[in-house]
Amino acid sequence: MPLGRSAGSKSVGFPSENRSDAGQGDSLRRRKLAVREENYVVQPSEDEASENPGFKPIILVPFILHLVFMVATAFFVMHVQVSTRFLSASPPLYWFGSYVMASPRLSKRWGYIIWTYCAAYILLGSLLFSNFYPFT
């Protein structure tokens with residue numbers, strides 16, 4: 001088995017080289033030869049493929065339906081302060097926020113807005129709550 005190859009996946013790395021006895025030109029030649037000789041396509045093994053099946057949106061349907069039910073109930077029945085506490089227990093809100101902040105495709109402006117809102121909520125909430133003002 002060549003160096004850099006693991007038992008679980010079919011990927012190949014560069015062989016380890018000793019820089020003390022090889023010059024820079026010699027190591028570059030060996031590296032070019034290694035690139036020409038080896039195929040660097042990474043194919044997961046059957047074990048790795050079964051562990052990470054990928055994103056399945058059908059798994060999110062119960063959470064979304066639950067959130068819709070909670071929003072409808074909060075809109076028609078609850079006070080604003082109670083509804084914000086009630087809706088803050090829903091995971092899709094946090095999943096969406098983390099998706100926006102981690103996504104390279106979306107603007108960094110939205111991530112900044114989310115961070116600003118969270119910081120203001122914590123700071124303003126601590127100040128208002130400790131002084132017995134209504135805060136949710």
Side-chain angles (χ1 to χ4, degrees):
M1 183 180 293
L3 291 174
R5 188 178 295 230
S6 65
S9 63
K10 299 176 185 175
S11 63
V12 177
F14 289 114
S16 62
E17 51 186 273
N18 188 358
R19 292 191 182 267
S20 62
D21 59 349
Q24 184 177 0
D26 189 36
S27 66
L28 289 176
R29 274 188 233 118
R30 278 191 274 151
R31 196 174 290 169
K32 285 180 184 178
L33 287 173
V35 170
R36 285 187 206 137
E37 292 174 0
E38 299 294 337
N39 185 6
Y40 284 94
V41 176
V42 176
Q43 299 173 348
S45 67
E46 293 174 345
D47 296 335
E48 291 174 2
S50 64
E51 290 175 7
N52 188 8
F55 177 70
K56 298 200 189 254
I58 195 72
I59 295 173
L60 299 179
V61 170
F63 293 104
I64 301 300
L65 292 176
H66 185 252
L67 179 62
V68 168
F69 176 75
M70 288 173 61
V71 167
T73 304
F75 184 75
F76 290 113
V77 178
M78 297 178 183
H79 187 269
V80 173
Q81 290 181 345
V82 177
S83 65
T84 54
R85 291 181 192 146
F86 183 66
L87 294 174
S88 68
S90 183
L93 298 174
Y94 302 105
W95 293 339
F96 178 72
S98 65
Y99 171 75
V100 167
M101 289 190 293
S103 177
R105 293 177 287 171
L106 297 175
S107 173
K108 289 186 178 185
R109 180 178 179 198
W110 284 107
Y112 177 75
I113 290 170
I114 291 172
W115 277 109
T116 304
Y117 173 78
C118 291
Y121 188 87
I122 291 169
L123 296 174
L124 194 62
S126 300
L127 181 67
L128 291 174
F129 182 77
S130 63
N131 290 309
F132 302 105
Y133 284 104
F135 177 74
T136 308

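In terms of heavy-atom proximity, M70 sits nearest to F86 at CE-O, 3.0 Å. Across every non-hydrogen atom of Q81 and P134, the tightest pair is NE2-CB, 3.0 Å.
Y121 and L127 fall into different hydrophobic clusters, where Ile, Leu, Val, Met, Phe, Trp and Tyr residues are linked whenever their side-chain heavy atoms come under 4.5 Å apart, directly or through other members. Under the 4.5 Å side-chain contact rule for hydrophobic residues, L124 and Y133 share a cluster. In terms of hydrophobic clustering, with Ile, Leu, Val, Met, Phe, Trp and Tyr side chains grouped at heavy-atom distances under 4.5 Å, M101 and Y99 are assigned to a common cluster. Connection of I59 to L65 is established within a shared hydrophobic cluster, with ILVMFWY side chains joined at heavy-atom distances below 4.5 Å, either directly or through further cluster members. Residue I113 is grouped with residue F96 when hydrophobic side chains (ILVMFWY) are merged at heavy-atom distances under 4.5 angstrom, including chains of intermediate members.
At least one side-chain heavy atom of W95 sits under 4.5 Å from a side-chain heavy atom of L60. A 4.5 Å side-chain heavy-atom check between L67 and F63 finds every atom pair outside the cut-off. Between W110 and S107, some side-chain heavy-atom pair lies under the 4.5 Å cut-off.
Distance check, rounded to the nearest 0.5 Å: CZ of R109 to OG1 of T116 gives 11.0 Å. How far OG of S90 is from CZ of F69: 12.5 Å, rounded to the nearest 0.5 Å.
Without hydrogens or angle criteria, S103 side chain to V100 main chain gives no donor-acceptor distance under 3.5 Å. Between the S88 side chain and the R85 main chain, a donor and an acceptor come within less than 3.5 Å of each other.
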